[in-house]
Each structure stands twice: as C-alpha cells, then as structure tokens.
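Residue numbers run from 1 in the order of the sequence given. The shown structure was predicted, so the numbers you read here are calculated from the model rather than taken from an experiment.
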Amino acid sequence: MTAASRDALTWDVEAERQIALRVLLQTLADPGVAGDPGDVRLLTSVCHGLVQSSVFVAWCGYCVRTDDRHFESRCLAGTAKKRLRIPKEVSDPVWQAAEQKTVVVWSLADEQPPAWVAGLGSDVREIACFPFGQPDREVVGIIGVRRAHYFERVSLIYFLTFSHVGRLALQLRAQALRDALTSLPNRQLFLEKLAQARNKSRREGHVLGIAILDFDGFKEVNDRFGHMVGDDLLCQAAGRVRRTLHADDMLARLGGDEFGLLLGDIHARGLDETCERILSDLRRPFRLVNGSTTMISASIGVTCYPIDMSSPSALLRHADAALYEAKRQGRDQYHTHTIALRARTEHCGAAHEHMAQALLDHRLLFYYQPLIRLTHPERPVFGVEALLRWRDEQGRVHAASSLGDSLDHPRFAPDIGRFALEQALFQAASWQAQGLALRVSINISPCHLLDKRFCEDVEDALARHPDVAPRQLEIEVTESAPLQDFERARAALEHCADLGIRIGLDDFGTGHASLSYLQRFPAQTIKIDRSFLRDIAANPRDLAIIGGIVATARTLGLDVVAEGVEHSEQAGLLKNVGCERMQGYWVAEPMPPEDIAGWVARYHLPMPLFGGRRQAKGGLAPLLLTRDADTHTIPPATVVTGFLAEDFS
C-alpha cells in the first residue's frame, strides 16, 4: 500500500469518527429532541443522522423486544424496508447482543446472513448490534455498513454512543411514562402494555382482564385533611392493590384516584376471586401520615379480551363504563362489561352527541305543564313546571328522557341549568306582562346544584330580570342531590331561599330521605312521585301512604303536589286524603309557552269535585264518584306519620 493510499484511509477513518461525534452532538442539541420525553425522536434522529452523514453507513435502526420470541423494528433509516420482525435464533446477532449484553459484529465473510437482512441492501458488508434498554423495554441498535472491517478500523468506541444515547432516551422515556407520586406506570404506558398484552392473549389463547379501579371516599379524605394526607392514602391504597396481584399483572395510575389493571390469564385463577380480594383488602382501615385512621372502599369495572373483541382504547372505555355501572349500583363492588351495558353506553354516547349539538345550535326549549290547586276553584292554576325538550335537525321535538344521562353530566348540566334559569325568568316576565302571575318550577340537576358557580348563576339570572319577584321561581331538586353532599347542597339552597326563591323536593319517596330529613332541608314543597299514584284506586295501602305524607308534610309547613295525575278518580282520592295540589295529563299535557295564557283563561275545575255537575271547558270528563256496589268507594283517609321514605319506595 502506498503512502498516499494509507493517508486516504487514515483520513476516511478520522472523518467517520468525527461524523459519529457530530451526529450525537447535533441530536442532543436539537430543541425538538430535548422537548420529546421518549425514545422515538432521539433515536430516530441518530439513525437518520448517521445514514445521511456517512457514505459508508448503508442503513441504521433499532429494534424492541415485543415478547419472548421476537424483536420488532421501530426505526429503519436508509432502506425502503419498513418493518423487521426478528424471530429468536441462537446464531442471530441481534439475539446474541441482547442476551450477552455486549456488542456483536457480524461480517458477510463469516457466515450466511440472517434472513431478516434480505431486502436491506446487497452492498452491506458488516452489521453491528448494540444492546441497551430497561428491564421492561429491551432494545438493540443495528448499523449496516458498506466496508468490511469498518468497525475494527473506526473503533467501536465511537459507535457506543449509539448505546449511550439509547440508554439516555429510555431513561427519559421511563420518567415520562411513570407516575411521579406512586412510581406506577401512567396512562400512556398502560395503553402500550395493554396493546402488547392483547396481542399476546390472541396468540396464546388465554383471557386477558382489563379493569379500572376508582376509590370511593377518597375525595372526602383529600378535602378534609389536605393533599399531603390524600397523597399518602393514595400510595398506601395502591400498594395494597399491587400486593394482591400476580407477577405478570400490571397496575397503573391513570389519573387522580383512578387506576388501571391488566390481569393476565384470568380464567386460570378466577376473575371473581381477584376482584373480591382487592375490594376486601381496601376495606381495612388506613393509618394516615397525620395519625388519623380512615376507611375507604373501591369500585371496579372489568372487561375481558377476547370475549370483548375491541381495540385497546375501546377496551379501556368499556371497563370505564362497567366502573360507572358499579358506582351507580352502590359502589364497593365490581361490575363486568356486557353486551347490554355496551348497548346502553353506545346509546349514552349518541345522546351526549345530540345534547352537545343541541346546545351548540340553540335547539333546547321548554314545554310547560300547569299545576292546579283544588282549594281555589275561581283561580285554580297557580304555576307551571318547565320540562326540557330538544328539537332535532328535522324540526321534530323530543322529550329530554331521550338524552339519557346528559342532563346530569358534568359536561352539560351547568349549561342546561343556566338555560333553565334564564328561560324560566324570561317566561315569568312575559306572562306577567300579559297579566298572568304564575310560579315557574324548574328542575336543577345535582351536578349543577353542587357546582361552585351555582349560586352565582342564580344571582346573575335574577339580576337580568329585575321585574320578576324571586318567589315566582321554584327550584326543584331530587333527593339524590343532598345525599351526594348534604352540606354543600343545603348551603346552596339556603342561599336561594334567602334570595326569596322557593325550593321543592322532586320525586319524593323514590330516594332514601325521610320526612324528618326535611326539617334540616330548606324546602317549601314536596312532590309525590307518580309511582305512588298508579294503584291508589285499587290499593288502599298506597292511598294511606300518600295520606301519611300529606299529614306529616303539613306538620312541617310544606305544600304537597301530586305528580302524574292521569284520571279523575285519582284526583278525587287525592282530594279526600288532603292532597289538593296536582299536575298531570288529567289537568293538561305539557305545552309550548305561547299556549299557556290562552289555556289558563279557558280552564275550569270539574265541578263534581265540589258537588256540582259542570264539566271543564277543556273537554275533561266529569268526576264520577258513586257508592254503588259496582263502583269504587272512597275509603276514609288513613293518616300515617313518622315513617321513612324507604319504607314505601
């Protein structure tokens, strides 16, 4: 070899060494790479940088171990081939590098090339494999070059930076994919592992459990003792859950007090047993960092692959739907996703879309159902209840019940509540201008009532309608609202009462509150749920219950309204037990606001209620109450006091 050729070779070697260093420095200095908390941008930049900068580097990439038998490529720069899948073989340089934890250089002169090399370029003379990674993510970098003995002459030390950069990237990735408080995997890593576990389940034929766990009562501890104590409780609870799992299971923190679980091969050990063990461990008392002792529980939603043949993101949604069902049924339990639950979830999803679009396009409206009192035959209509409707794109009007749980969904409830307040006061002002003073009742969802801006929303609505007396507005809430957070609900409703607004308790008797409970609740009206009226003509017990509610309500100074009165016989029976305020189809169907004034002007009570014979102008059938043997005889009113609503719900 001449001196000139030796100098050229020396120059080439030094140039290649400088290229390796320059690519590394440029990659680390790239602000886009620095802002990417993972391995993709960093390693991809190195791979493309080496191919673009060196005439000798034919291609460069890296592979990730996806299971016990395969490595799969994540980046291949410099080749048209998009994907490598490298099966396990003893002689394969990638597997040798991974298992021996050392750099392996394969030369074309040594032996037959591995099958995966085909298609990567025929001019490759040497391949180097550089292992790096974390315990949960094994990676091998591969570089193919066009010159034999390339790595020997340039020196592997210059390309070990590939491994160092890879380790750095995986450390950054591990930090980005771990929850800082519990050190558990976060949502992103959980979804990655779910995709891998799903593929493994399909190959091996076992059943994979996907679960979401949420702690019941955690928010109360957090609010009472502060975030430091809450964080301590969260770590303790997560530790208990983790100790109940098998080695191949996974627990991740998805956010807040919500955790994800991957349960491998659940048929081999039993899904029921696993979930019950988790729930049982969490019921034991916790000793908190501040010395206090507290107890919580958990709700779990589960779906199973391949019984549920869905994508990873859909599996997580289905588990979340099952979690919601577990909470709806009382908490401290687990619920499995079913076809029926999926159908209901899809229906709710469609309903949410309808609600979102109706709000966006201003297609919500109210119909109004009159409320009457039998004690004032000369002026029986004293108010109306606003009932939400929505208009579809074809102009058809639908009942709010078709919108599912949208009415009490955090995404929609505050907007619907503000709309209801505005429309109620606007209509009250409009009717008042026509000489018609009507009380307008609106339903406020528990979600809006417990919202921190609720009182501000009420005050703003009243301020926009100064000509309407606050007493003309009645806010109705269901029993479930104060039960969710009694003190916050009571404070909000007491503020409304201080403003002069009336408070009503809707659907009374269907929840868990007692009449004595109302003594601490600022209500002026209770509305007996329609379910108690259906059989009062045939069942004296139901009539006695209503009589008991009326008598006890009177001792508390409350008005009682019966909902869902559908025929004259019900009205007569209600009058006889002292319930003289009512609404329902016997009185009138809900109607648009522009029809109310004319209807009120025409309406008269059926005179048989007062011993006369006149029939209402609205076409209502006269009330027939006889004492013949073949007709219903009104039993004497039975007064029942001091009972709980759950006794008759």
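Remark: the backbone N or O of Glu89 is not paired with any side-chain donor or acceptor of Asp92 at under 3.5 angstrom. No donor-acceptor pair under 3.5 Å is formed between the side chain of Ser73 and the backbone N or O of Cys63. Not a single donor-acceptor pair under 3.5 Å links the side chain of Arg85 to the backbone N or O of Glu72. A donor-acceptor pair is defined here as one N or O able to donate and one able to accept, closer than 3.5 Å; such a pair exists between the side chain of Asn199 and the backbone of Ala195. Distance alone, capped at 3.5 Å, is enough to place a donor-acceptor pair between the Arg488 side chain and the Leu450 backbone.
The minimum heavy-atom distance between Gly230 and Phe218, with the atom names listed, is O-CE1, 3.1 Å. Residues Asn290 and Phe225 share a closest heavy-atom pair of ND2-CD2, 3.3 Å. Heavy atoms only, all atoms of each residue included: Ala98 and Glu138 are closest at O-OE2, 3.4 Å. Taking both residues in full, the closest heavy atoms of Pro114 and Pro93 are given as CG-CD, 3.7 Å, listed atom of the first, atom of the second, then distance. Among all heavy-atom pairs drawn from Ala252 and Phe190, the shortest one is CB-CD1, 3.6 Å. Residues Trp95 and Asp68 come closest through the heavy atom pair CH2-O, 3.5 Å.
Ionic pairing of Arg331 and Asp214 is not present here: no N-O contact between side-chain nitrogen and carboxylate oxygen is shorter than 4.0 angstrom. Salt bridge present: Arg203 and Asp67 bring a charged side-chain N and a carboxylate O closer than 4.0 Å. Look at Arg317 and Asp320 and you find no salt bridge, because none of the NZ, NE, NH1 or NH2 atoms lies under 4.0 Å from a carboxylate O. Of the charged side-chain nitrogens involved, none lies within less than 4.0 Å of a carboxylate oxygen, so that Asp257 and Lys219 do not count as a salt-bridged pair.
Between Asp281 atom CG and Glu276 atom CD the span is 11.5 Å, to the nearest 0.5 Å. Taking SG of Cys496 as the start and CD1 of Ile503 as the end, the distance is 5.0 Å to the nearest 0.5 Å. Here the CG-CZ distance, from Asp460 to Arg453, works out to 8.0 Å after rounding to the nearest 0.5 Å. Note that CG of Leu364 and CZ of Phe412 are 10.5 Å apart. Values are rounded to the nearest 0.5 Å. Here Ile212 contributes atom CD1 and Ser299 contributes atom OG; the two are 12.0 Å apart, rounded to the nearest 0.5 Å. Between Ile296 atom CD1 and Asp332 atom CG the span is 10.5 Å, to the nearest 0.5 Å.
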**OP:** List the steps and the verdict of side-chain contact (heavy atoms from CB on, under 4.5 Å) for Leu288 and Val221.
**Re:** CA-CA 10 Å; Leu288 303 177; Val221 175; 4.2 Å; yes
Original post:
Stepwise, does the side chain to side chain donor-acceptor pair (under 3.5 Å) test hold for Glu192 with Gln196?
Top reply: CA-CA 6 Å; Glu192 288 184 16; Gln196 295 172 13; 5.1 Å; no
Original post:
Leu84 and Ile142: side-chain contact (heavy atoms from CB on, under 4.5 Å), yes or no, with the steps?
Top reply: CA-CA 11 Å; Leu84 284 181; Ile142 50 176; 4.0 Å; yes
**OP:** Starting from the C-alpha separation in whole Å, work towards a yes-or-no answer on side-chain contact (heavy atoms from CB on, under 4.5 Å) for Leu271 and Cys304.
**Re:** CA-CA 10 Å; Leu271 177 63; Cys304 301; 4.1 Å; yes
Original post:
What's the verdict on side-chain contact (heavy atoms from CB on, under 4.5 Å) for Val51 and His48, showing C-alpha distance, side-chain angles and the deciding distance?
Top reply: CA-CA 5 Å; Val51 171; His48 284 279; 5.8 Å; no
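Counting heavy atoms from C-beta outward, His335 and Tyr324 have side chains that stay 4.5 Å or more apart. Between Met355 and Arg411, the closest side-chain pair of non-hydrogen atoms is not below 4.5 Å. Considering only heavy atoms from C-beta on, Trp106 stays 4.5 Å or farther from Cys129 through its side chain. Between Leu261 and Val241, some side-chain heavy-atom pair lies under the 4.5 Å cut-off. Here the side chains of Val94 and Trp116 are in contact, with some heavy-atom distance below 4.5 Å. Looking at Trp59 and Ile127, their side chains come closer than 4.5 Å, going by heavy atoms from C-beta outward. Proximity of Ile278 to Leu245: side-chain heavy atoms (C-beta onward) are separated by under 4.5 Å at one or more points. Leu156 has its side chain within reach of Val105: a pair of non-hydrogen atoms, C-beta onward, lies under 4.5 Å apart.
The environment of CZ in Arg224 is sparse: at most 12 heavy-atom neighbours from other residues, nucleotides or ligands sit within 6.0 Å. For Lys81, the NZ atom counts as densely surrounded, since its 6.0 Å shell holds more than 12 non-hydrogen atoms of other residues, nucleotides or ligands.
Note: Phe259 and Phe215 meet the aromatic proximity criterion, with ring centroids under 6.0 Å apart.
His448 and Phe454 have perpendicular rings, their planes meeting at more than 60° on a 0 to 90° scale where under 30° would count as parallel.
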